[in-house]
Amino acid sequence: MAKKPSLTDALNTAGKTTQQETSPAPTATKASGSRAGKKLIAGHFDPAIHRQLKQLSVNENMSIQDLLAEALDDLFQKHGM
């Protein structure tokens, strides 16, 4: 009696077939126009800080990104950059 193929073997075989039948995967994703040539800067902060930033954004009618850019500009200026 022949041995049944393992589930892993079956999935690997099915994956190879599926990949061959579909178009090639894209080599890289393009950033949207506003993100082209830019880098993400992120951090983890307390929820209270997030709420304050959102409230300031509403109060000043500015995006959070614009507020962060302003804060970074102030930081760089403080350090002579």
Side-chain angles (χ1 to χ4, degrees):
M1 184 165 160
K3 183 179 174 185
K4 289 184 185 179
S6 71
L7 179 57
T8 303
D9 291 339
L11 289 173
N12 286 337
T13 302
K16 289 177 186 175
T17 303
T18 303
Q19 288 174 353
Q20 291 170 354
E21 292 173 358
T22 61
S23 62
T27 55
T29 58
K30 290 188 176 184
S32 70
S34 64
R35 294 182 186 177
K38 306 228 173 117
K39 293 286 187 177
L40 174 67
I41 300 173
H44 291 89
F45 299 94
D46 289 338
I49 292 172
H50 180 253
R51 281 191 300 277
Q52 286 177 313
L53 191 55
K54 284 182 74 168
Q55 186 61 53
L56 184 59
S57 172
V58 169
N59 292 350
E60 297 298 317
N61 195 28
M62 294 173 67
S63 70
I64 290 176
Q65 183 162 335
D66 288 340
L67 289 172
L68 291 174
E70 180 180 327
L72 288 172
D73 285 342
D74 291 345
L75 177 68
F76 295 147
Q77 186 174 16
K78 175 184 173 185
H79 291 277
M81 297 176 76

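For clarity, every value in this text was computed on a predicted model and none was experimentally measured. The analysis underlying the following values was restricted to heavy atoms, covering all of them including side chains, and did not include hydrogens, waters or symmetry mates.
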If you look only at distance, which donor and acceptor atoms sit under 3.5 Å apart when one is on a side chain in residues 69-81 and the other is two or more places apart or in another chain?
none

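Rounding to the nearest 0.5 Å gives a distance of 12.5 Å between CG of Leu67 and CD of Gln52. Atom CD of Glu60 is separated from atom CD of Gln55 by 10.5 Å, given to the nearest 0.5 angstrom.
For Asn61, the CG atom counts as loosely surrounded, since its 6.0 Å shell holds 12 or fewer non-hydrogen atoms of other residues, nucleotides or ligands.
Using a 4.5 Å cut-off between side-chain heavy atoms of Ile, Leu, Val, Met, Phe, Trp and Tyr, with links allowed through other members, Leu68 and Met62 fall into the same hydrophobic cluster.
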